[in-house]
Amino acid sequence: MNILIIGNGAREHAIAWKLSQSKSVKNIYCAPGNPGIAEVATCIPIPVDNIDGLLNFALKSEINLTIPGPEAPLVAGIVDAFEEKNLVIFGPSQKASALEGSKAFSKYFMEKYNIPTAKCRVFTDFSQALSHVKTATYPCVVKADGLAAGKGAIIVNNIPEAETALRRCMKDQEFGEAGAKVLVEDFLTGEEASIFALCDGKNYILLQPAQDHKAIFDGDKGPNTGGMGAYAPAPLVTETLLENVKKQVIEPTLDGMMREGIPYKGVLFIGLMIDNGKAKVLEYNCRFGDPEAQVILPLLDGDLAEIMLNGALGKIDERRAKSTNKSAVCVVMASGGYPGSYETGKSITGHEIQFNSDIIVFHSGTSRNDKNELVTSGGRVLAVTAVSDDFQNSRKLAYDAVKNIHFDGAYFRNDIGEKALKYL
Ligand code: AMP
Ligand code: GLY
């Protein structure tokens, strides 16, 4: 197979790395990719939002399977455009991507199909939203309906904070069109987990449950980021809980989408809040998580290319994949200042060390300067993953590797995986 991956982050690096081990894969291309991805794939300089450019490349290069990494091209309809030209692509159609692309749609859908989630009200009118928050119970959550790069959920503690959040969305248009419609949602307490299913419209393969670390500082303090680290499997998600999630969330979701006439094909990422052993859905995403992909893909025992091809063709076979009994921990190294402003162009050393095969250094914000040296080029720079038979050992290996890698201002959390310890 010739494969095209779309994206340029550590998530796409993890996908490319896993595919590079598939017997069924001949050539891997990645648009636009990054220097880490270039070690396992041919990078081509087409941006992720240039759907026509990607389509022409896929036709010309006889691509047998395309895998979009991020949500934006999915919500923009890349799957529909490729399928119209009879190209095989593993992802949801534009309409099915609304599970992530419109929180109002996902709430309507969950209510209709009795999928457990927080109660919410949807508003398109500012004054109606404002009168609602005057009688709301606090804290609650104000959310922009559309894609907002992970910044569209604002937890508010009182009426003035709620009013400010509503203004930011509906009046100041901080999230553009995405904030024209807002949700005001009940606040859920508990611990979060990320569940991933590879779906073919009807059937699915479940991957290991993972946990992200969204806040910038240790102890989940400070502003949210794209994700500062992850581990899998997350022991918080017990066998019983996972069975319940299959029956109460994943299966009704696939069933419901079929009934709506928009079968869901692709990666289904369910963000859960777990309280007292019971799970509610916080959100759906129509793609892998970043950094979750960097821990769940190394644990997958199966040919990812074959699984995704079968997924795209509507014939996923659960028996063709399982997860190993190992555990994986990923520590993200970020530029100092992230998620606020930060400098780039810092030279990165230590990444070239030949670590043991249980360490994988996935790249996100890296590039090469005019001397061909590896330098920082983004907020999250590297996602250092360790895989071993033992969770504690994976944590130690990941942090040992991180300590060998250097760039000016490098920042990482010291407590990735700590929350798992109480369950072990
Ligand atoms: P979302 O974009 O909906 O996933 O929200 C982003 C983050 O905001 C989640 O991962 C949670 O940490 C937090 N969040 C969203 N909705 C709620 C809620 N109803 N209760 C508590 N926290 C929430
Ligand atoms: N790690 C969370 C996300 O990718 O949305």
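When a ligand or atom number is given, it counts from 1 through the structure's own listing order. Values below: all heavy atoms of this structure, side chains included; hydrogens, waters and symmetry mates excluded.
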- [ ] Output yes when K214 and E192 qualify as a salt bridge under the 4.0 Å nitrogen-oxygen rule, no when they do not.
- [x] yes
Task: H132 and F123 aromatic ring geometry - parallel, tilted or perpendicular at 30°/60° bounds - done: tilted
- [ ] Classify the angle between the aromatic ring planes of H351 and H363 as parallel (below 30°), tilted (30 to 60°) or perpendicular (above 60°).
- [x] perpendicular
TODO: Enumerate the protein residues lying less than 4.0 Å from ligand 1, judged by heavy-atom distances, in chain and residue-number order.
DONE: K103, V141, K143, A153, E185, D186, F187, L188, E192, K214, M273, L282, E283
TODO: Return the set of residues passing ring-ring contact (aromatic ring centres under 6.0 Å, His included) with H406 (not counting sequence neighbours), or none when no residue passes.
DONE: none
TODO: Measure centre to centre between the rings of Y411 and Y342, then say whether the value is under 6.0 Å.
DONE: no
Open item on the list: Strictly below 4.0 Å, N to O, side chains only: are R167 and E163 in salt-bridge contact?
Closed with: yes
Open item on the list: Using every non-hydrogen atom in the two residues, find where T344 and G378 come nearest and quote the distance to one decimal.
Closed with: CG2-N, 3.9 Å
Task: Qualifying residues under ring-ring contact (aromatic ring centres under 6.0 Å, His included), relative to Y113, sequence neighbours excluded - done: F109
Task: Contact residues of ligand 2, where a non-hydrogen atom lies under 4.0 Å away - done: D212, G226, F269, R287, G289, D290, P291, E292
- [ ] Have a look at K143 and tell me which of L183, V122, I155 forms a side-chain contact (heavy atoms from CB on, under 4.5 Å) with it.
- [x] L183
